[in-house]
Q: 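Provided herewith is a single structure, encoded as C-alpha cells, for subsequent inquiry.
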Amino acid sequence: MKKENRLAKVKRRNQSIAFGLFQLISYSIVALLFIILAFIVIKGFSVISWEFITEMPKEGMTQGGIYPAIIGTLCLVLGSMLFAFPVGVLAAIYMNEYVKDGWGKKIIKQMTNNLAGVPSIVFGLFGMALFVNKLEFGDSLLAGSLTLGLLVLPVVIRTTEESLKAVDDTFRHASLALGASKWQTTSRVVLPIAFPNILTGLILSIGRVSGETAPILFTVAAYFLPKLPTSIFDQAMALPYHLYVISTSGTNIEASRAMAYGTALILIIIVLVSNLLANALRKYFGKKVKMN
Amino acid sequence: MHKIESKNVNFYYGETQALHDITLSMKENTVTALIGPSGCGKSTYLRLLNRMNDLIDKTHLNGEIYIDGHNIYAKNTNVDDLRKNVGMVFQKPNPFPKSIYENVAYGLKVNGITDKKVIEERVITSIKQVALWEEVKDKLHKSAFELSGGQQQRLCIARALAIQPSILLMDEPTSALDPISTTKIEELIYELKNNYTIVIVTHNMQQAGRVSDNTAFFYMGELIEYDKTKNLFTNPKKERTQNYITGRFG
C-alpha cells in the first residue's frame, strides 16, 4: 500500500514535470513570435501612415511610400495563385482520384516532394532561364508570377492531396453506386467536402509567395520603379525585394532604416490579413458544405 | 428467366481466391439473404452484382453474372447504367454532407434529370416510400447529418430508390442501428419486395429468417447451401449449415 502510494507520487511528479516542460516550450514559441512582431511593430509603426502605403518612394527611397511595392506584391500573389491553384488542384485530383497505386504514382509523388525541397534561388534561376529568356517574357509580372507559382505548386498539390485523402471513401462509394461517373463523384461530392481544407493550401501559399525574394530577383523585381505596372509584361517592385534593397543596398541605409521596418510591417500585415480572410472563407464554405 | 444469375463465379483479390465457383440464381421480386461467418465471401459476392469490386485494385473475376439476361461483366456493359439499375445500401449510413433533399436528388441529377418538377416529385415519392416523410417534411433543406442513424439509413435507401433501380443490394444495412430502427428497416424491406429484387447480407440470422424468401449460406468463399429460407433454417441439408445456424461456430 505504502509502496504504491510512492509510485503514484513519482508518477504524478514526472507527469507535472513533463507537462510543465511542454507548456514552457509551447509558450516560448508563442513568446518568440510576439517578440519578433513587437520588435517590428515598435520599429516600424512610426513610419506607417496613409501616405506611406499610397505614395511612391522618394528621395532615393528614404522618403515617401511603398505603394508600388505593395501593388507589385499583390499582383504577384494573384498571378502566382491563378497559375498554381488550378494546376496544383487538378494535379492532386488526378493523383488521388484517378491514378492507381503503382510506380507511376510513386514517381510523381517523389518528384513533387523533391520539388518542394528545391531552394528558392534555384527556382529564380530556372524562372529566368525559361520565362525571362527562353520564352522572352522579359523581367515581368508574368515571369515572376509563373516562377512563384512553380515554387508553391508542391505546397498546393500536397495540401490538396491530403484534403482529398481525408474525404471518407464511403461518400465516393455512395456516389458511384448511384451510377455517378468518377468525375461527377469527384466534382460534386469529393471536392465540396475537401474544399475548406484545400483553401488551407491556398493560405499557406499566399504567405509563402508574398514573402519570397529569391524567385523574383531575376524575373520581375525592380530596384526602383516609381510607377505601377500596367500590363503583365511590366516589371514591378515587390515588398520583400524592396525590403532587401533598402536594408542592404539603398542610397542611404541609415536614413531608410525606419522605412525598412515599416515595409516589413506592411508585409506581415498583408500575410496576416490574407490568412484571416482565407480562414473566414474556409469557415464559411465549411458551413455551407454541411448545410447545402 | 431469373433476375440475377451467377454461373461458376470465381473471384480473386490479387492471388487470394475469395469466391469459389459460385452458381446462384435469384427470382424477380424476392428477398435473398446471404449469411455466413465474417470473411466467407458474402459481401464480396454482393459487391460483384453492381461491380463495386471494380474499385479495388488487382481483382479479377472468372465466370458470368447475368442480370435480366445480360452478362454484366461483358465488355460492352456500361457500369454507370448497371449501378443505376442495381442500387446499393451500405453497412453504415452514409448520407452526403448535403441537405436531406439534395441527398435524394443527387442520383437523379447525376443521371441527367434536370427537370426540377420531376426531381421534386421523385424526391418526395422516395422519401415517402421509406416512411420518412412525416419525420423530415419540415426540414428537407436541413443537413442530413441532423437525422438519427436510423433515419439516415432510411434516407440512404430513399436515395437509392429515387433513381428507380430494379434491384437493391443491402450490405448489413442494420448492423450499425438500434433495435427500433432495425425493425423499421426490416418492415421496409418487406414492403419493397413487391417492386424490387432485394439481396441482403446479414450477420443476424433472425433477420435473415424474418425478411428473406431464400437464404444462401457462404463459408470460406464457397456457397454451401441455398434454399428457401424456411427450409434452410428448419431443415438444413448440410452439416456446416446446421452448425452455423445453431450457433456452433461463426
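The sequence lines fix the lettering, A, B, ..., with proteins before strands; numbering per chain opens at 1.
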Q: Shortest non-hydrogen contact from B/Arg159 to A/Ala174?
A: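 Taking B/Arg159 first and A/Ala174 second, the nearest heavy atoms are NH2-CB, 3.3 Å.
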Q: How are the rings of B/Phe145 and A/Phe171 set relative to one another: parallel (under 30°), tilted (30 to 60°) or perpendicular (over 60°)?
A: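 Tilted, since the angle between the ring planes falls between 30° and 60°.
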Q: How about B/Lys92: does its NZ atom have over 12 heavy atoms from other parts shown lying under 6.0 Å from it?
A: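 Not buried by this count: 12 neighbours or fewer within 6.0 Å.
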Q: What is the minimum heavy-atom distance between B/Tyr106 and A/Ala180, and which atoms define it?
A: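 Closest heavy-atom pair between B/Tyr106 and A/Ala180: OH-CB, 3.8 Å.
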Q: Looking only at heavy atoms and a cut-off of under 4.5 Å, which of B/Asp57, B/Asn50, B/Val89, B/Asn78 has the most pairs with chain A?
A: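 Answer, by heavy-atom pair count under 4.5 Å with chain A: B/Asp57.
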Q: Can you tell me how far apart NZ (B/Lys84) and CG (A/Leu178) are? Round to the nearest 0.5 Å.
A: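 Going from the NZ atom of B/Lys84 to the CG atom of A/Leu178 covers 11.5 Å.
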Q: How far does NZ of A/Lys100 sit from CG of B/Leu55, to the nearest 0.5 angstrom?
A: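 Reported to 0.5 Å precision, the distance equals 9.0 Å.
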Q: Decide if atom CD of B/Gln17 counts as having more than 12 heavy atoms of other residues, nucleotides or ligands within a radius under 6.0 Å.
A: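 Check passes, neighbour count above 12.
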Q: Starting at CG of B/Asn94, measure out to CG of A/Asp169 and round the result to the nearest 0.5 Å.
A: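 It comes to 11.0 Å.
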Q: Does OH belonging to A/Tyr94 count more than 12 external heavy atoms closer than 6.0 Å?
A: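 No, not enclosed.
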Q: Sort A/Asp101 into side chain, backbone, both or neither according to what part of it lies under 4.5 angstrom from a heavy atom of chain B.
A: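 Contact with chain B involves both backbone and side-chain atoms of A/Asp101.
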Q: Under 4.5 Å from any heavy atom of chain A, what part of B/Arg51 do you find: side chain, backbone, both or neither?
A: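 Answer is neither: B/Arg51 stays 4.5 Å or more from chain A.
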Q: For B/Val86, which atoms come within 4.5 Å of any heavy atom of chain A: side chain, backbone, both, or neither?
A: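 Contact with chain A is through the backbone of B/Val86 alone.
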Q: Taking only heavy atoms into account, what residues of residues 168-177 of chain B are found under 4.5 Å from chain A?
A: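 Against chain A, none of the residues of residues 168-177 of chain B fall inside the cut-off of heavy atoms under 4.5 Å.
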Q: State, yes or no, whether a side-chain contact exists between B/Phe90 and A/Thr170 at a heavy-atom distance under 4.5 Å.
A: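 No. Closest side-chain heavy atoms not under 4.5 Å.
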Q: May I ask you to list the residues in residues 113-136 of chain B that approach chain A closer than 4.5 angstrom, counting heavy atoms only, ordered by number?
A: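 The stretch does not come within 4.5 Å of chain A.
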Q: Give a yes or no on whether B/Lys27 atom NZ has more than 12 heavy-atom contacts from other residues, nucleotides or ligands under 6.0 Å away.
A: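 At most 12 heavy atoms, drawn from other residues, nucleotides or ligands, come within 6.0 Å of this atom.
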Q: Would you mind checking which part of B/Pro165 comes under 4.5 Å of any heavy atom in chain A, side chain (CB onward), backbone (N, CA, C, O), both or neither?
A: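 The answer is neither part of B/Pro165.
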Q: Evaluate the side-chain proximity of A/Arg188 to B/Val110: yes if any heavy-atom separation is below 4.5 Å, no if none is.
A: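 Yes; the side chains approach each other to less than 4.5 Å.
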Q: Heavy-atom count check: over 12 atoms from other residues, nucleotides or ligands less than 6.0 Å from B/Tyr12 OH?
A: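 Correct, the count exceeds 12.
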Q: So for B/Lys58, is it side chain, backbone, both, or neither that comes closer than 4.5 Å to the heavy atoms of chain A?
A: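 B/Lys58 has no heavy atom closer than 4.5 Å to chain A.
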